[in-house]
Amino acid sequence: MTEHFAEGELIGVLTAEPLDRVLDYRAPPGGAWLGAFVEVPLGPRKVIGVVWGPGRGDWDPAKVRAAFRVIDAAPMRAELREFLTRAGAYTLTPLSAMLRLATRVPGLGQPPGMRKVYRLGRSEPQRMTDARTRVLEVLREFGGAGLILKELADQAGVGTSVVKGLVAQGAVDEVESPRDTPYPALDPARPGKALTEDQARAAQALGHGVRSGAFGATLLKGVTGSGKTEVYLEAVAATLSAGRQALVLLPEIALTSEFLSRVEARFGARPAEWHSGVTMTERRRCWRMIGEGGASLVVGARSALFLPFQNLGLIVIDEEHDSSYKQEDGALYNARDMAVLRGSIVGAQVVMASATPSLETWANAKAGKYQRLDLPARFGTAVLPEMRVIDMRREDLPGSEWISPTLRQEIKARIERGEQSLLFLNRRGYAPVTICRACGHQIGCHHCDARMVEHRFQKRLMCHQCGETAPIPEACPECGVVGKLAAVGPGVERLAEEAAAVFPDARLAVLSSDLFGSARALKARIEEIAAGDADIIIGTQLVAKGHNFPKLTLVGAVDADLGLQGSDLRAAERTFQLMRQVSGRAGRAEAPGIAYLQSFQPDHRVIQAILSGEEEAFWAAEAAEREAAGMPPFGRLAGIVISAPDPAPAFDLGLQLARADGALRQAGAQVFGPAPAPIARVRGRHRVRMLVKAPKGVALQSAITKWLGGIKLTGGLRLSVDIDPQSFY
Ligand SMILES: [Zn+2]
Ligand SMILES: [Zn+2]
């Protein structure tokens, strides 16, 4: 294929507009390279697109318009174009939507050069106002980073004149700063930490893969605290030494600051960051420098997978089992699987690190598709926590309390020794249900088929489906009786209330994502707690994700049974992972840890597997069950959600599709449903679910495309297809 198109030649341009086709244009003055970013006219607008290939020439040549100009950015490489095409085909996502994922960068069309940024100045303003305080707080929160005017004003929730006023008084500095400077070079030759024998062996195997320059996938399995990070940082070092770029994906932004410090200690400089917590200026710089080779390591969230790497040689997916790698709206993709796809296209090594891998990854390693490296021991002096179950049927505890006498005693002993305890409950808010004791009414969301959850700190009821909030009413909205509304069941806030009553002198810290205004505020709080600024930590699954609390020696899982109910395919797997992860928080430094699971069904096979620590036996049993049922990873699934403002049209379309299932049957697939979704109404839309199931090896995507090919979505109907669904709500 021609790589360069002369001015006036026909080019095919893909834009992020929902058009479902590549449009023909004439190459702009100076011509354009394949993959170049170009600005083109679209109706009355100017939009940015990518030269995807030669034009198709099936339009009236007189009507083909000329592209305006080539944008000053590195052309999109063939590797990324192929990745977007294949990822789109796999997830049944239109190519335009895939391009959107790869071009989510501010100021793509703007020329490089200088621009004004705002930093904290030396003097205090003469008069302090609330608005001024907020601006200064935002600047402090972002440390030394400069923000552009609009971003600073937006973050502080003030008008730009407030910022300008502070500049006039010297409290904020306005400086000209060059755009998009390269990141400081990371030095792979600096000595790393001393590795144990197991770590050194694993690091060597990964380094070998990196030096081969070819694609390879590895499961790096190690218990929490076994030093997986040190091992994959050696793979990063090998990648940098080979002159290639590396990407480390983390499941939680709050984890990045600790990780960045470790990178800095290892390589002498900080890497580029890509996630929702970085400034727009930094996002633009990261995107540009990755494409031009001015950044060698990116640490980021799942969307970093779509960055325009110049020479990607390594992708690490830390905590690969984490459900946050699955994007659940818009383009439905699993970053773990897509990382393997991109790695195979670009010839990169893909490392999936976890103490409790997903069953998919475990099975791929078992089948020999992935290399498996095990880190059996905990690093240094730390040992795995002892695990015990508290049989809640035998504990003397009133129905409105949740911390058992056994657990209370253990916490008391920790406080006396100056150690930290963690109470884990995977439920945000105060109480999951608010019920009227006069009429039995439960307060629900107006837009969803979900109960409103009381958030007492914010004094609001909140719907966890759509985010709708309302004040907590005095009177029952159903019967009007005042003072009879009661909270039922525990959330972390209620647990905190109980802990405060039992341990009035203890310092409590509640870690729940909704209690922090920004990722940075959460990060800061986690650092304080790690330094010892709490006796009892009360947290949701946020705390399960790899934070280091050196003084923590006790974990109490308040409701270990919580994940066991429900018909979710992965209920057992998730409970197993979560409980192992949470208990892994204890005893990471010198003091040994212990984890207690409060359970009403201590003999349940999952609880028993967690206690025994016989992981391989658990995975094998779980795999055998899925295989017998033909479920993933031994069979294939696609989830179909049809939604509409009224229930009937959604259901009718489902029935029509179920009857016209010839294309699916021909391919060897089966369709189940339609059935009302477990949450039958979200944001005012009624939802109907269908499930397509097929044996492994069936060309599921093409069968579904054929099956859905003829349908017309009218009257507010929407249909989404989720290949390899992770959630079934
Ligand atoms: Zn009532
Ligand atoms: Zn709602």
Side-chain angles (χ1 to χ4, degrees), residues 1-6 9-16 19-28 30-40 48-57 67 69-91 93-105 108 210 212-217 239 242-247 274 286-296 298 303-315 331 333 335 337-350:
M1 201 192 283
T2 327
E3 290 279 309
H4 189 266
F5 302 92
E9 254 187 277
L10 278 186
I11 51 175
V13 175
L14 177 69
T15 72
L19 293 169
D20 264 3
R21 61 164 289 176
V22 173
L23 300 173
D24 276 11
Y25 287 94
R26 295 197 177 281
W33 291 93
L34 187 60
F37 287 87
V38 288
E39 190 175 57
V40 295
I48 291 174
V50 172
V51 178
W52 211 253
R56 302 212 305 204
R69 63 182 178 110
V70 174
I71 282 165
D72 184 17
M76 186 180 282
R77 289 171 183 79
E79 166 260 317
L80 181 51
R81 281 179 278 133
E82 185 182 346
F83 171 57
L84 296 180
T85 305
R86 286 173 58 184
Y90 186 88
T91 58
T93 306
L95 203 48
S96 54
M98 296 308 295
L99 183 66
R100 209 171 305 138
L101 293 174
T103 52
R104 269 200 201 138
V105 51
L108 179 55
V210 167
S212 77
F215 164 66
T239 308
R244 300 184 77 180
Q245 292 168 314
L247 166 64
W274 180 270
C286 178
W287 193 90
R288 294 241 167 199
M289 287 302 120
I290 279 296
E292 293 170 17
S296 52
V298 180
S303 58
L305 195 57
F306 295 91
L307 286 171
F309 290 91
Q310 191 185 45
N311 186 3
L312 183 59
L314 173 72
I315 308 173
Y333 67 89
D337 301 343
M338 292 304 111
V340 174
L341 175 62
R342 188 159 187 190
S344 73
I345 293 171
V346 73
Q349 291 288 311
V350 181

Requested in this report: Please name all residues satisfying side chain to side chain contact (heavy atoms under 4.5 Å, CB included) with Ala87, sequence neighbours left out, ordered by chain then number.
Outcome: Phe83, Met98, Met338, Leu341

Query raised in the report: Listed by chain and number, what are the side-chain hydrogen bond (donor to acceptor under 3.5 Å, both in side chains) partners of Ser303, not counting sequence neighbours?
Result: Trp274

Report summary line: Note: Ala102 and Met76 closest approach over all heavy atoms is CB-CE, 4.2 Å

Report task. Taking all heavy atoms of Val40 and all of Ala67, pick out the closest pair and write down the distance. Result -> CG1-CB, 3.7 Å

Requested in this report: Measure across Ser212 and Gln349 and return the closest heavy-atom pair with its distance rounded to 0.1 Å.
Outcome: OG-NE2, 4.0 Å

Query raised in the report: Which residues pass the side-chain hydrogen bond (donor to acceptor under 3.5 Å, both in side chains) test with Glu292, sequence neighbours left out?
Result: none

Query - Main-chain N/O of Trp33 paired to Glu3 side chain as donor or acceptor, under 3.5 Å - result: no

Query raised in the report: Residues in side chain to side chain contact (heavy atoms under 4.5 Å, CB included) with Glu39, at least two apart?
Result: Lys46, Phe68, Arg69, Ile71

Report task. Please identify each residue that fulfils ring pair (Phe, Tyr, Trp, His ring centres under 6.0 Å) with Tyr25, with sequence neighbours left out. Result -> none

Report task. Quick one: list whatever passes ring pair (Phe, Tyr, Trp, His ring centres under 6.0 Å) with Phe309, sequence neighbours left out. Result -> none

Report task. Compare all side-chain heavy atoms of Ile48 with those of Val38 and state whether any distance is below 4.5 angstrom. Result -> no

**Report entry** Student check: side-chain heavy atoms of Ile11 and Asp24 closer than 4.5 Å
**Finding:** no

Requested in this report: Without swapping roles, check the side chain of Gln245 against the backbone of Ala295 for a donor-acceptor pair under 3.5 Å.
Outcome: yes

Query - CG-CG distance between Leu247 and Leu305, expressed to the nearest 0.5 angstrom - result: 6.5 Å

Report task. Over all heavy atoms of both residues, which pair between Val50 and Gly35 is shortest? Give the atoms and the distance, please. Result -> CG1-O, 3.6 Å

Query raised in the report: Residues in side-chain hydrogen bond (donor to acceptor under 3.5 Å, both in side chains) with Arg86, at least two apart?
Result: Glu82

Query raised in the report: Just by distance, do the side chain of Arg342 and the backbone of Ala348 share a donor-acceptor pair under 3.5 Å?
Result: no

Report summary line: Of Val13, Leu108, Val70, Val51, the one forming a side chain to side chain contact (heavy atoms under 4.5 Å, CB included) with Phe37 is Leu108

Query raised in the report: Under a 4.5 Å cut-off applied to non-hydrogen side-chain atoms, are Thr15 and Ser96 in contact?
Result: no

Query raised in the report: Is there a donor-acceptor pair closer than 3.5 Å between any side-chain N or O of Arg100 and the backbone N or O of Ala16?
Result: yes

Report task. Please round to the nearest 0.5 Å and tell me the distance separating atom CD1 of Ile345 and atom CZ of Arg81. Result -> 12.0 Å

Query raised in the report: Side chains of Tyr333 and Leu101: closer than 4.5 Å at any heavy-atom pair?
Result: yes

Query raised in the report: Short question: side chain of Arg244, backbone of Leu312 - any donor-acceptor pair under 3.5 Å?
Result: yes

**Report entry** Residue list, side-chain hydrogen bond (donor to acceptor under 3.5 Å, both in side chains) with Thr93, at least two apart or on another chain
**Finding:** Thr91

Query - Any residue meeting ring pair (Phe, Tyr, Trp, His ring centres under 6.0 Å) with Tyr90, in chain and number order, not counting sequence neighbours - result: none

**Report entry** Contacts of type side chain to side chain contact (heavy atoms under 4.5 Å, CB included), residue Pro308, not counting sequence neighbours
**Finding:** Leu80, Trp287, Ile290

Report summary line: Smallest heavy-atom separation, Ala32 atom then Ala27 atom, equals N-CB, 4.4 Å

**Report entry** Check: Pro75 and Leu34 side chains under 4.5 Å, non-hydrogen atoms
**Finding:** no

Report summary line: The side chain to side chain contact (heavy atoms under 4.5 Å, CB included) partners of Arg21 (sequence neighbours excluded) come to Leu23, Arg56, Asp58, Trp59

Query raised in the report: Can you tell me how far CZ of Phe5 sits from CG of Leu10, rounded to the nearest 0.5 angstrom?
Result: 9.5 Å

Query raised in the report: If we only count heavy atoms from C-beta on, is the Val340 to Phe215 side-chain gap below 4.5 Å?
Result: yes

Query raised in the report: At what distance, to the nearest 0.5 angstrom, does CG of Leu99 lie from CG of Leu84?
Result: 6.5 Å

